[in-house]
There are 6 protein chains.
Amino acid sequence: MSKPQPIRYEAASSEVREIFDDIKKVKGIPEVNNFWAYLASDPKTLKRTWESVKEVMAPGKLDSVTKEMIYLAVSVTNNCGYCIASHSAGAAKAGMTPEMFGELMAVIGMANETNRLVNGYRVPTDPGFDQ
Amino acid sequence: MSKPQPIRYEAASSEVREIFDDIKKVKGIPEVNNFWAYLASDPKTLKRTWESVKEVMAPGKLDSVTKEMIYLAVSVTNNCGYCIASHSAGAAKAGMTPEMFGELMAVIGMANETNRLVNGYRVPTDPGFDQ
Amino acid sequence: MSKPQPIRYEAASSEVREIFDDIKKVKGIPEVNNFWAYLASDPKTLKRTWESVKEVMAPGKLDSVTKEMIYLAVSVTNNCGYCIASHSAGAAKAGMTPEMFGELMAVIGMANETNRLVNGYRVPTDPGFDQ
Amino acid sequence: MSKPQPIRYEAASSEVREIFDDIKKVKGIPEVNNFWAYLASDPKTLKRTWESVKEVMAPGKLDSVTKEMIYLAVSVTNNCGYCIASHSAGAAKAGMTPEMFGELMAVIGMANETNRLVNGYRVPTDPGFDQ
Amino acid sequence: MSKPQPIRYEAASSEVREIFDDIKKVKGIPEVNNFWAYLASDPKTLKRTWESVKEVMAPGKLDSVTKEMIYLAVSVTNNCGYCIASHSAGAAKAGMTPEMFGELMAVIGMANETNRLVNGYRVPTDPGFDQ
Amino acid sequence: MSKPQPIRYEAASSEVREIFDDIKKVKGIPEVNNFWAYLASDPKTLKRTWESVKEVMAPGKLDSVTKEMIYLAVSVTNNCGYCIASHSAGAAKAGMTPEMFGELMAVIGMANETNRLVNGYRVPTDPGFDQ
């Protein structure tokens with residue numbers, strides 16, 4: 001096999017087109033983004049991933065902007081460039097302002113720092129946190 | 001040096017006690033948790049970390065429960081056991097219900113999954129996300 | 001020191017050339033890849049790394065394509081772009097088809113997701129797994 | 001909310017029991033493991049995760065032992081203790097011998113090492129790997 | 001919000017300029033690097049981060065080149081491209097030779113390898129290490 | 001296969017005993033630590049890992065305490081509990097004082113924080129760092 005390639009709408013099977021159509025409808029966008037176009041080379045993974053993302057990211061007890069910011073916190077911690085770009089856009093679309101972005105980044109940075117202080121100092125869990 | 005040891009209030013210097021007192025006041029707790037007691041062996045790091053955490057975690061454009069959930073998202077991604085326990089407690093205290101916790105975990109899991117699908121499929125960033 | 005630079009065959013010492021020759025022979029390639037050319041600036045690390053990789057990646061109880069896919073699973077989890085590109089090529093050369101690649105990515109994604117669900121839910125190890 | 005708690009079969013809703021029954025049938029085990037019991041506090045996540053795992057881990061172009069070893073490679077890289085224990089057991093059940101385990105660990109270790117050498121030496125991708 | 005943008009000296013507020021001036025003076029550079037220019041969109045984070053970095057990276061019991069190499073070890077492990085580039089430059093400026101760089105990379109690689117061997121073999125801590 | 005088990009000196013093959021003897025001599029310890037006892041179940045990995053560690057950790061342009069602290073920086077970042085305990089002991093034995101430990105932890109924490117700020121703000125590399 002060569003490098004993974006995207007499958008665009010025109011070249012997609014009817015099974016893939018159906019999923020693309022649902023993505024476009026739910027997200028209100030004219031074309032699916034690269035992520036979905038690349039996953040389309042494995043229709044089972046495309047379908048399972050889209051159905052999972054659709055369920056997980058729908059507003060529930062947490063609203064859309066909170067969910068997008070959490071997604072971004074994970075992506076920044078893992079340094080996934082594509083994911084940082086796409087979920088920064090997603091969070092902004094859902095209402096994240098520059099001030100909220102600044103606070104989000106500050107919390108992510110602080111958590112990554114204190115996580116390591118805890119590791120290095122070998123801090124045992126307080127009994128009260130473990131109940 | 002031997003294994004890191006906590007410094008408890010009774011054995012602390014006046015400089016450390018002053019920080020401990022501020023932590024207890026701001027957090028409304030009778031004793032500082034193990035994290036702060038361990039950091040106290042390096043008073044400069046204790047002071048800088050507490051001042052930073054106090055500033056970063058104070059409610060601003062994001063409220064306390066959102067900030068605690070973001071902290072938890074990072075800690076779960078990094079698998080810091082102490083941090084997961086302490087910020088689960090912190091988030092719950094700030095208002096996170098079991099239903100919110102469930103949604104939070106679902107988003108964290110999904111983000112960690114799709115981050116790797118992006119890596120493996122080598123998905124290029126859509127031009128629209130990079131503006 | 002400036003940015004790390006590759007050492008190409010023409011400019012290499014006889015010690016480095018000998019290792020390059022062995023890499024080319026074992027891998028059946030006309031020129032060593034960038035990874036080896038960059039390591040050549042530290043001949044000890046070049047030699048140790050090549051000898052280790054040669055031993056570890058040789059088919060044994062696990063065949064080459066399985067070993068390449070495991071390498072890829074680690075590289076995707078760590079988001080090492082170079083490693084993803086080189087071991088995708090290596091796995092394909094060893095027999096990985098697009099269908100196998102799709103299944104590999106699906107497992108990697110799922111494992112990264114469930115690893116975090118385990119962390120967040122603080123799941124204790126079942127006694128039966130610990131024997 | 002307090003610390004996450006498992007939901008055992010006797011205390012489970014009929015919706016959760018149905019999923020538990022399917023897990024037990026597919027895996028051929030008398031009781032679901034802790035992972036599923038903990039996820040059961042969020043039935044939607046339990047259902048989605050089980051359906052995804054069932055689909056992804058079913059033998060396809062890759063057989064069960066290969067999929068379990070890939071899962072283990074990710075879990076070892078991420079240092080998820082529960083996942084290492086459960087998928088070591090899963091891989092052994094699917095046919096992984098101690099010799100295969102040894103080779104698996106050797107590849108995982110080597111990949112984690114060379115991933116960082118690539119990062120530190122800032123090795124650019126060879127054009128041939130990017131096609 | 002759109003993609004994060006740097007704030008250059010000419011466009012900066014007096015509060016930001018004051019921090020930029022201090023960075024330039026302490027580091028002995030004519031212009032602040034991109035990192036500081038990007039953080040400047042959130043003056044509180046700029047100020048807190050600079051004050052923390054200035055305190056932490058000042059020579060103390062560990063000299064500057066050792067601190068820069070530790071920073072680099074973390075950045076290589078996390079695969080932060082910008083950080084690898086900037087702290088390679090910083091370490092070189094503080095006295096790291098190509099030979100020291102080679103040894104540093106070798107240790108980082110080895111540690112990342114053995115960390116995973118420990119995880120996979122589930123090695124329990126020797127009592128003597130835990131005192 | 002069952003859970004990995006250590007192989008102690010009395011039960012070891014002559015090939016493994018020879019490596020154990022060298023470890024004890026080089027490190028000046030009466031018994032090998034658990035890490036080596038567990039690796040002994042795969043003598044090839046034991047041998048290769050010991051020879052690599054012996055070469056990499058020998059004092060060179062970097063002295064032993066610096067190498068141990070770099071090892072610790074990686075292990076803290078990866079949250080490898082065994083490795084943190086063993087290399088804290090190793091660093092202390094090589095001369096790390098509590099003050100040096102405190103500064104080491106402060107740098108590790110700061111690097112993990114700023115790595116993520118760089119990711120989240122998508123900071124492009126300054127041309128001067130890339131030469």
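Per chain, numbering begins at 1; letters A, B, ... match sequence-line order. From a predicted model like this one, the values you see are computed outputs, not experimental measurements.
For the set Ile84(D), Asn119(D), Asn112(D), the count of heavy-atom pairs under 4.5 angstrom toward chain C peaks at Asn112(D). Ranking Glu103(D), His87(D), Met57(D) against chain C, the residue ahead of the rest is Glu103(D), based on heavy-atom pairs under 4.5 Å. Heavy-atom pairs under 4.5 Å with chain C were tallied for Glu55(D), Gln5(D), Arg116(D), Met69(D); the largest tally goes to Arg116(D). Contact tally against chain C (heavy-atom pairs below 4.5 Å) for Leu72(D), Val53(D), Val76(D), Asp130(D): the top residue is Val53(D). The most heavy-atom pairs under 4.5 Å with chain C, out of Asn78(D), Leu117(D), Thr125(D), come from Asn78(D). Between chain D and the options Cys83(C), Gly81(C), Pro6(C), Ser41(C), heavy-atom pairs under 4.5 Å are most frequent for Cys83(C). Comparing Gly109(C), Ser86(C), Ala73(C) by how many heavy-atom pairs each has under 4.5 Å with chain D, the most go to Ser86(C). When each of Val56(C), Thr114(C), Asn115(C), Asp42(C) is checked for heavy-atom pairs under 4.5 Å with chain D, Asn115(C) comes out on top. Here Ala85(D) is the residue among Gly90(D), Ala37(D), Ser88(D), Ala85(D) with the most heavy-atom pairs under 4.5 Å with chain C. The residue among Ser52(C), Gly128(C), Ala89(C) with the most heavy atom pairs within less than 4.5 Å of chain D is Ser52(C).
Atom OG in Ser13(C) sits 9.5 Å away from atom CD in Glu18(C) (nearest 0.5 Å). Atom-to-atom distance recorded for Trp50(C):CH2 and Ile19(C):CD1 is 10.5 Å, nearest 0.5 angstrom. The CD1 atom of Ile108(C) sits 12.0 Å away from atom OH of Tyr71(D), with the distance rounded to the nearest 0.5 Å. Rounded to the nearest 0.5 angstrom, Glu31(D) CD and Ile23(D) CD1 are separated by 11.0 Å.
Of the atoms belonging to Leu104(C), heavy atoms from both backbone and side chain fall under 4.5 Å from chain D. Contact annotation for Met100(D): both backbone and side-chain heavy atoms come within less than 4.5 Å of a heavy atom of chain C. For Thr77(D), the part lying under 4.5 angstrom from a heavy atom of chain C is the side chain only.
With hydrogens and angles left out, the side-chain atoms of Tyr82(C) and Asp126(D) include a donor and acceptor closer than 3.5 Å.
Within the 3.5 Å criterion, the main-chain N or O of Pro124(C) finds a donor-acceptor partner in the side chain of Asn34(D).
More than 12 non-hydrogen atoms from other residues, nucleotides or ligands lie less than 6.0 angstrom from CD of Glu99(D). Within a 6.0 Å sphere centred on NZ of Lys24(C), other residues, nucleotides and ligands contribute more than 12 heavy atoms.
Within the structure, disulfide (SG to SG under 2.5 Å) contacts touching residues 94-131 of chain C (residues at least two apart or in different chains) do not occur.
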